[in-house]
Protein chains: 2
Amino acid sequence: MNIGDVATRTGLPAKTIRYYEDINLIKPLRDDNGYRRFREKDVHKLNFLGRARALGFTIEDCRTLLALYEDETRASADVKQVARDHLTQIEAKIADLNAMRDTLSHLVDACAGDDRPDCPILQDLGGKS
Amino acid sequence: MNIGDVATRTGLPAKTIRYYEDINLIKPLRDDNGYRRFREKDVHKLNFLGRARALGFTIEDCRTLLALYEDETRASADVKQVARDHLTQIEAKIADLNAMRDTLSHLVDACAGDDRPDCPILQDLGGKS
DNA sequence: GTGGGGGTTCCAGTGACAGGAAGGTCAAGA
DNA sequence: TCTTGACCTTCCTGTCACTGGAACCCCCAC
């Protein structure tokens with residue numbers, strides 16, 4: 001399979017797939033013409049990576065998870081730890097964003113949004129007073 | 001005022017302040033020795049920028065907002081539009097993160113987290129079957 | 001004069017790719 | 001046989017908003 005087919009099958013851009021090879025997440029073979037040749041195993045890994053990335057895991061997390069995935073003797077506790085740490089980070093981000101949203105939506109509601117210059121949003125950013 | 005005092009007063013790292021000058025958000029004066037000399041006006045702008053960034057506005061948004069802030073003839077509708085667009089993006093991000101959190105917390109809960117290799121998290125990432 | 005705590009510039013790195021240039025390869029059609 | 005066009009290759013640059021660090025200058029107190 002060439003990279004285009006793999007891109008179609010995995011939903012990942014070819015650029016991303018090349019990048020993943022670059023950083024040693026996958027190691028496709030090469031044909032005589034220099035084209036990458038992907039095995040089912042590679043496609044499987046890429047799907048794994050795509051799903052992990054979709055859950056927001058960093059590339060380094062993905063590397064760890066992939067290693068655990070391929071290690072038959074792993075302890076599920078190790079996997080769970082990675083996932084839980086990530087979950088904690090996501091929750092922190094959500095909390096941050098919720099705070100921003102609350103502040104911002106108050107300000108947006110308070111703003112008349114007409115042609116006059118008076119604006120509570122700018123007042124707030126400028127330090128109210 | 002030198003950059004260190006400004007950093008203390010605004011809570012922004014000196015590096016960030018230099019960067020903001022670099023990209024023309026502020027234009028402090030210069031002393032004969034080459035040191036930046038900040039006026040109250042500059043500090044005020046930096047505080048504005050700090051608050052806007054804390055609300056998650058991009059630098060380009062900040063540039064726009066700052067221009068509106070300094071334009072006495074602005075229409076509050078223009079400010080509101082910028083804020084509302086940003087709010088929409090924040091809400092989209094929150095939705096994404098909530099989806100990740102839900103999936104992830106289900107998986108974390110389902111994982112025994114012991115020394116055995118069986119792990120629903122990896123099963124899910126690997127495509128379950 | 002020396003030490004330390006300011007300040008300056010410039011360059012590289014971050015994360016996870018995306019865009020684009022310049023060129024090689026391959027199968028199909030005229 | 002030639003050409004077209006789709007595909008592939010590598011390599012370099014840019015993204016965003018900084019951060020870290022090197023190498024150097026400036027100023028004041030001791």
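Quick caveat: nothing in here was measured; it's all calculated off a predicted structure. Proteins come first, then strands; the chains are lettered A, B, ... in the order of their sequence lines, and each starts at number 1.
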> In a check of salt bridge (Lys or Arg N to Asp or Glu O under 4.0 Å) between Glu21(B) and each of Lys15(B), Arg37(B), Arg30(B), which one passes?
Replying inline: Arg30(B)

> Applying the side-chain hydrogen bond (donor to acceptor under 3.5 Å, both in side chains) test to Asp42(B), which of Arg39(B), Lys45(B), His44(B) qualifies?
Replying inline: Arg39(B)

> Is there a side-chain contact between Arg74(B) and Leu122(A) (heavy atoms, below 4.5 Å)?
Replying inline: yes

> Is the closest side-chain heavy-atom distance between Phe57(A) and Thr64(A) below 4.5 Å?
Replying inline: no

Rounded distance (Å) that lies between atom [atom2] of [N] and atom [atom1] of [X]:
{"X": "Met1(B)", "N": "dG7(C)", "atom1": "CE", "atom2": "C1'", "result": "16 Å"}
{"X": "Asp5(A)", "N": "dA6(D)", "atom1": "CG", "atom2": "P", "result": "16 Å"}
{"X": "Ile26(A)", "N": "dA16(C)", "atom1": "CD1", "atom2": "P", "result": "16 Å"}
{"X": "Asp31(A)", "N": "dG24(C)", "atom1": "CG", "atom2": "P", "result": "19 Å"}
{"X": "Ile23(A)", "N": "dA16(C)", "atom1": "CD1", "atom2": "P", "result": "8 Å"}

> Are any side-chain N or O atoms of Lys80(B) and backbone N or O atoms of Cys111(A), one a donor and one an acceptor, separated by less than 3.5 Å?
Replying inline: yes

>> Taking Ile3(A)'s backbone N and O only, do any of them form a donor-acceptor pair with Arg36(A)'s side chain (distance below 3.5 Å, no angle check)?
In response: no

> Heavy atoms under 4.0 Å, any strand shown: does Ile3(B) hit a base, just sugar-phosphate, or nothing?
Replying inline: sugar-phosphate

>> Between Glu40(A) and Arg9(A), does the salt bridge (Lys or Arg N to Asp or Glu O under 4.0 Å) criterion hold? Intermediate values first, please.
In response: CA-CA 11 Å; Glu40(A) 279 307 316; Arg9(A) 278 189 56 189; 2.9 Å; yes

Produce the list of close N/O pairs, under 3.5 Å, pairing protein atoms with atoms of nucleotides 27-29 of chain D; give distances to one decimal.
from, atom 1, to, atom 2, distance (Å)
dC27(D), OP1, Asn33(B), ND2, 3.4

> Reading nucleotides 10-23 of chain D from the 5' end, what letters show protein touch, with B for base, S for backbone sugar-phosphate only, - for no heavy atom under 4.0 Å?
Replying inline: B------BBSBB--

> Side chains of Asp85(A) and Gln89(A): do they bring a donor and an acceptor to under 3.5 Å?
Replying inline: no

